Amino acid sequence: MTELTGISELLLSRIRDVPDYPEPGVMFKDITPLLADPSAFTALTDVLAELCVANSATKVVGLEARGFILGAPVAVRAGLGFIPVRKAGKLPGATLSQSYDLEYGSAEIEVHAEDLVAGDRVMVIDDVLATGGTAEASVRLIRRAGAEVAGIAVLMELGFLGGRERLLPALDGAPLDSLLMV
């Protein structure tokens, strides 16, 4: 626990608050200083890769777009394949799609139909768990592809937005790990 506490402190110290971005009243959590620090980025990658191994994942899904930045090196570190989950219309070829509701409107994500198969245990990696809509849609998409959800791991969780409460029923017992709670 002491080691994770030290890593959490390192990660948190490299996340910059940007007030009033992208709109007034929002405190944006900018992870680019963390990504620019090789020690912090390596520590983050290592912890997330350890969660993939501990949960017997066979593939890593990264959610567009910052989930790509975190998920790809995690997959490499854990020795697993990486699967991007994209916004609708961004992938060529046959895809599976999943729509979900946003605060105002709806959105849709897609994955290549052949990238996930029965027997895969998929770890979802993203930077932030906010309202949980995208993560919940990714869980549904993974299961529709015939794969199993090994868990979800995020760098930080914005607890005040209620994403965990929304996501836990969809996870059906699969773990949800947040390295930082803000």
Side-chain angles (χ1 to χ4, degrees), residues 7-8 10-23 26-52 55 57 59-78 80-91 95 97-98 100 102-103 107-112 115-116 122-142 149-164 166-167 170-171 175-182:
I7 291 170
S8 296
L10 171 64
L11 299 177
L12 194 55
S13 75
R14 301 305 189 274
I15 296 172
R16 176 177 58 168
D17 286 343
V18 180
D20 299 319
Y21 182 83
E23 59 186 55
V26 173
M27 181 64 73
F28 185 78
K29 300 293 187 182
D30 181 15
I31 68 167
T32 58
L34 186 155
L35 300 174
D37 180 326
S39 296
F41 194 20
T42 298
L44 172 61
T45 301
D46 288 347
V47 169
L48 293 174
E50 289 168 11
L51 288 170
C52 290
N55 288 299
K59 290 188 179 162
V60 170
V61 153
L63 302 181
E64 187 160 333
R66 289 180 301 266
F68 297 174
I69 297 169
L70 303 183
V74 166
V76 169
R77 178 79 72 197
L80 306 174
F82 175 75
I83 312 298
V85 169
R86 306 277 331 253
K87 294 175 183 173
K90 301 287 185 179
L91 292 171
T95 61
S97 64
Q98 180 69 47
Y100 59 101
L102 299 168
E103 188 175 353
E108 190 173 15
I109 55 174
E110 294 180 330
V111 67
H112 275 131
D115 286 348
L116 296 173
V122 182
M123 191 71 154
V124 177
I125 302 290
D126 206 3
D127 65 328
V128 175
L129 175 62
T131 64
T134 308
E136 181 184 29
S138 73
V139 166
R140 296 188 192 295
L141 189 59
I142 290 163
V149 177
I152 295 180
V154 297
L155 167 58
M156 66 184 130
E157 180 175 341
L158 306 179
F160 61 93
L161 291 176
R164 178 173 291 268
R166 175 180 182 169
L167 194 51
L171 282 171
L176 169 57
D177 291 293
S178 302
L179 301 183
L180 302 172
M181 204 50 137
V182 292

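Keep in mind it's a predicted model, so treat the numbers as computed, not measured.
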Could you tell me the separation between the CG atom of Leu141 and the CD atom of Glu110, rounded to the nearest 0.5 Å?
8.5 Å

Heavy atoms, side chains only, cut-off 4.5 Å: are Leu11 and Ile31 in contact?
no

Working for side-chain contact (heavy atoms from CB on, under 4.5 Å), residues Ile83 and His112
CA-CA 8 Å; Ile83 312 298; His112 275 131; over 6 Å; no

Testing the basics here: between Gly81 and Ala75, what is the closest heavy-atom pair and its distance to 0.1 Å?
O-CB, 3.9 Å

Is any side-chain heavy atom of Val18 less than 4.5 Å from a side-chain heavy atom of Met27?
no

For Leu70, which of Asp126, Ile125, Val60 qualifies under side-chain contact (heavy atoms from CB on, under 4.5 Å)?
Ile125

Compare every heavy atom of Lys59 with every heavy atom of Asp115, then report the nearest pair and how far apart it is.
O-NZ, 2.6 Å

Any side-chain heavy-atom pair of Val61 and Val111 under 4.5 Å
no

Student check: side-chain heavy atoms of Leu12 and Met156 closer than 4.5 Å
no

Sub-4.5 Å side-chain heavy-atom contact between Ser178 and Arg164
yes

Here the pair of heavy atoms bringing Gly62 nearest to Phe68 is O-CE2, 3.3 Å

One should read off an interatomic distance between Glu157 CD and Leu167 CG, to the nearest 0.5 angstrom, of 9.0 Å

Would you indicate whether Arg66, at its atom CZ, is surrounded by more than 12 heavy atoms from other residues, nucleotides or ligands within a distance under 6.0 Å?
no

Chi angles and distances behind the side-chain contact (heavy atoms from CB on, under 4.5 Å) call for Leu48, Leu51
CA-CA 5 Å; Leu48 293 174; Leu51 288 170; 4.3 Å; yes

CZ (Arg86) and CG (Leu91) are apart, to the nearest 0.5 Å, by 6.0 Å

Side-chain contact test, heavy atoms from C-beta onward, threshold under 4.5 Å: evaluate it for Phe41 versus Ile69 and give yes or no.
yes

Apply salt bridge (charged side-chain N to carboxylate O under 4.0 Å, His left out) to residues Glu136 and Arg166 and explain how you reach the verdict.
CA-CA 8 Å; Glu136 181 184 29; Arg166 175 180 182 169; 2.8 Å; yes

Non-hydrogen atoms of Cys52 and Met123 that approach each other most closely:
SG-CG, 3.6 Å

Within the side chain of Gln98, is there an N or O that forms a donor-acceptor pair under 3.5 Å with the backbone of Ala137?
no

Judged by atom type as modelled, is there a donor-acceptor pair below 3.5 Å linking the side chain of Asn55 to the main-chain atoms of Ala57?
no

Would you check, one step at a time, whether the test side-chain contact (heavy atoms from CB on, under 4.5 Å) holds for Arg16 with Thr32?
CA-CA 8 Å; Arg16 176 177 58 168; Thr32 58; 4.1 Å; yes

Please determine whether side-chain contact (heavy atoms from CB on, under 4.5 Å) holds for the pair Leu155 and Ile15, giving the CA-CA distance in whole Å, both sets of side-chain angles, and the decisive distance to 0.1 Å.
CA-CA 10 Å; Leu155 167 58; Ile15 296 172; 4.2 Å; yes

Mind checking whether Thr45 and Val74 have side chains closer than 4.5 Å, heavy atoms only?
yes

Quick one: does any side-chain atom of Ser13 pair with a main-chain N or O of Leu10 as donor and acceptor, under 3.5 Å?
yes

Is the OH atom of Tyr21 crowded by more than 12 outside heavy atoms at less than 6.0 Å?
no

d(Leu35 CG, Asp30 CG) to nearest 0.5 Å is 8.5 Å

In terms of heavy-atom contacts, Ser8 and Leu180 come closest through O-CD2, 3.4 Å

Please examine the side chains of Val154 and Leu179, heavy atoms only from C-beta on, and report whether any two atoms are closer than 4.5 Å.
no

Could you pull out the closest heavy-atom pair between Val182 and Phe160, with the gap in Å?
O-CD2, 4.1 Å

